[in-house]
Amino acid sequence: MNYRHAFHAGNHADVFKHVLLIALLQAMRRKPAPFAVLDTHAGRGRYTMDSGEARRTAEAEGGVKRLLSAQQSAEPDALVCYRETLRSLNPDGALRVYPGSPLLIAKMLRDQDRLACCEMQPVEAAALANVFDRESRVAVHQRDGYAAISALLPLKSNGKAIARTLVLIDPPYEAQDAEFDHAIAALKGGLARVPQAVFALWYPIKQRRTLHNFLRRASSLPASDSWIAELLIRPDDSPLRMNGSGLLVLNPPWQLDAEVNALLPSLQAALGEDGASTRLNWLNRGQVS
């Protein structure tokens with residue numbers, strides 16, 4: 001696998017994914033009982049925005065930098081939290097550090113919560129371990145993230161399984177059709193091990209029509225509820241670039257769909273070009289006992 005997220009850190013897909021991730025975590029935090037998060041494709045955790053990779057693609061210009069320059073009044077809580085997290089990592093006001101998903105998750109853990117993050121590439125895994133070298137609530141595993149779903153779930157603390165779990169699956173999609181096959185199989189396996197866990201799978205959108213088979217298969221997964229949220233920053237008329245992205249959520253927390261529906265217009269206004277669009281569609285609602 002040749003993928004390096006440093007080339008894409010802070011792009012429009014990252015902003016969409018990370019703001020919705022924060023909304024998920026806020027929902028998990030509403031109950032006092034502990035929760036655990038498994039981040040299957042964690043990356044290095046922290047990205048330096050003046051690195052050669054980030055400068056070469058400049059994808060953050062159309063993502064996080066565009067959002068930071070377009071603050072709106074009365075923004076939803078998840079977007080406010082996202083901005084505050086960026087400010088805490090960049091106290092001088094210049095965007096020098098961008099957080100990957102494991103760092104965003106770790107910043108929202110309470111004392112009783114836990115995070116397990118997996119990264120297969122040795123250099124990236126070593127960097128991730130360095131980010132959390134003094135964080136007892138976080139475990140870093142250099143291993144395949146899909147295999148970790150079967151190997152690590154249910155996540156435990158002090159030898160006891162943690163009942164409330166969120167699994168974030170954010171693969172590189174180097175070969176999109178094959179990646180969907182792996183993701184669907186992993187979701188089936190994860191639901192078999194922890195049927196009530198919340199699963200969130202990020203996916204890229206070049207042309208929506210190419211996702212029909214994936215969404216059909218996702219709708220048949222044995223989750224009690226499931227929906228997709230999508231942000232297209234431009235019309236999906238080009239198969240040569242990523243025009244948007246989506247998040248499939250299985251067993252979503254109560255009323256999260258309403259919160260995400262409130263978030264999507266703000267993200268479209270901040271990141272969208274001509275022809276931008278959003279949607280939140282239920283795939284399966286209360287059909288599985």
* ILVMFWY cluster, V80 and L24 together (side-chain gap under 4.5 Å) -> no
By side-chain contact (heavy atoms from CB on, under 4.5 Å), R234 pairs with (sequence neighbours left out) R241, N243, E273
Open item on the list: The test is side chain to side chain contact (heavy atoms under 4.5 Å, CB included); show your working for S157 and D113 and say whether it passes.
Closed with: CA-CA 9 Å; S157 177; D113 304 325; over 6 Å; no
Validation row: L67, H12 side chains within 4.5 angstrom (heavy atoms):
no
Distance col, row L168:CG vs L247:CG, nearest 0.5 angstrom, shows 7.5 Å
Heavy-atom side-chain proximity of D236 to E230 below 4.5 angstrom = no
**Item:** Heavy atoms of other groups near N158 CG, more than 12 under 6.0 Å
**Value:** no
Sequence neighbours excluded, the answer for salt bridge (charged side-chain N to carboxylate O under 4.0 Å, His left out) partners of R87 is none
| task | Walk me through it: do N251 and S224 pass the test side chain to side chain donor-acceptor pair (under 3.5 Å)? | result | CA-CA 6 Å; N251 299 326; S224 59; 3.0 Å; yes
Heavy-atom nearest pair, S101 first then A42, reads OG-O, 4.5 Å
Practice problem: State yes or no: do M108 and I162 share one hydrophobic cluster built from I, L, V, M, F, W and Y residues joined by side-chain heavy-atom distances below 4.5 Å, directly or via other members? | Solution: no
Closest non-hydrogen atoms of A106 and V138, given as atom of the first, atom of the second and distance, are CB-CG2, 4.3 Å
Between the CG atom in L267 and the OH atom in Y82, the distance rounded to the nearest 0.5 Å is 9.0 Å
Shortest non-hydrogen pair, L89 vs R46, comes out as CD2-NH1, 4.1 Å
Here the gap from L95 atom CG to T48 atom OG1, rounded to the nearest 0.5 Å, amounts to 10.5 Å
**Verdict with supporting geometry, C117 and L128, side chain to side chain contact (heavy atoms under 4.5 Å, CB included)** = CA-CA 9 Å; C117 34; L128 181 63; 4.0 Å; yes
Heavy-atom donor-acceptor pair, T165 side chain to V37 backbone, under 3.5 Å:
no
Original post:
Looking at side-chain heavy atoms only, is the closest gap between V131 and R44 below 4.5 Å?
Top reply: no
Task: Sidechain-backbone polar pair: R193 side chain, L153 backbone, donor-acceptor under 3.5 Å - done: yes
Minimum side-chain heavy-atom gap L166-F35 below 4.5 Å: no
In terms of heavy-atom contacts, L250 and A223 come closest through CB-CB, 3.9 Å
With distance as the sole test, does S220 use its side chain to make a donor-acceptor pair with the main-chain N or O of R217 at under 3.5 Å?
yes
Without swapping roles, check the side chain of N281 against the backbone of I228 for a donor-acceptor pair under 3.5 Å.
no
Given side chains that start at C-beta, do those of V260 and P252 come closer than 4.5 Å, heavy atoms only?
-> no
Rounded to the nearest 0.5 Å, the CD1 atom of I105 sits from the CG atom of L25 at a distance of 6.0 Å
query: Is the side chain of E124 donor-acceptor paired with the backbone N or O of G43 at a distance under 3.5 Å, no angle test?
result: no
- Query: Under 3.5 Å, is there a donor-acceptor pair between the side chain of R96 and the main chain of G93?
  - Reply: no
So the ring pair (Phe, Tyr, Trp, His ring centres under 6.0 Å) pairs with at least one residue in residues 178-197 (sequence neighbours excluded) are Y146-H182, Y173-F180, F180-F214
**Request:** Check whether any side-chain N or O of R137 sits under 3.5 Å from a backbone N or O of L109 as a donor-acceptor pair, and report yes or no.
**Result:** yes
Heavy-atom count around D133 CG within 6.0 Å, excluding the residue itself: above 12? yes
Walk me through whether Q268 and L231 qualify under side chain to side chain contact (heavy atoms under 4.5 Å, CB included). CA-CA 7 Å; Q268 179 179 334; L231 168 67; 4.1 Å; yes
Here the gap from L248 atom CG to W227 atom CH2, rounded to the nearest 0.5 Å, amounts to 9.0 Å
Quick note, side chain to side chain donor-acceptor pair (under 3.5 Å) partners involving residues 28-37, not counting sequence neighbours, are R30-E259
- request: Answer yes or no: is there a side-chain heavy-atom contact under 4.5 Å between N11 and M242?
  value: yes
If we ignore hydrogens and angles and just use 3.5 Å, is the side chain of D257 paired with the main-chain N or O of L280 as donor and acceptor?
no
Output yes when a side-chain donor or acceptor of Q112 lies under 3.5 Å from a complementary backbone atom of P32, and no otherwise.
-> yes
Minimal heavy-atom distance between L201 and P171, with the atoms involved, is CD1-CD, 4.0 Å
Checklist entry - Hey, mind stepping through Q26 and C81 against side chain to side chain contact (heavy atoms under 4.5 Å, CB included) and telling me if it holds? => result CA-CA 10 Å; Q26 288 176 330; C81 181; 3.8 Å; yes
In short, salt bridge (charged side-chain N to carboxylate O under 4.0 Å, His left out) pairs touching residues 152-169 with sequence neighbours left out are none
Smallest heavy-atom separation, L155 atom then A116 atom, equals CD2-CB, 3.9 Å
Value for NE2 (H41) from CD (Q121), rounded to nearest 0.5 Å, stands at 10.0 Å
Would you check if K107 and S88 make a side-chain contact, meaning some heavy-atom pair closer than 4.5 Å?
-> yes
Q142 meets the side-chain hydrogen bond (donor to acceptor under 3.5 Å, both in side chains) criterion, sequence neighbours left out, with none
| said: Could you tell me if the side chain of H18 sits less than 4.5 Å from the side chain of T85, heavy atoms only? | reply: no
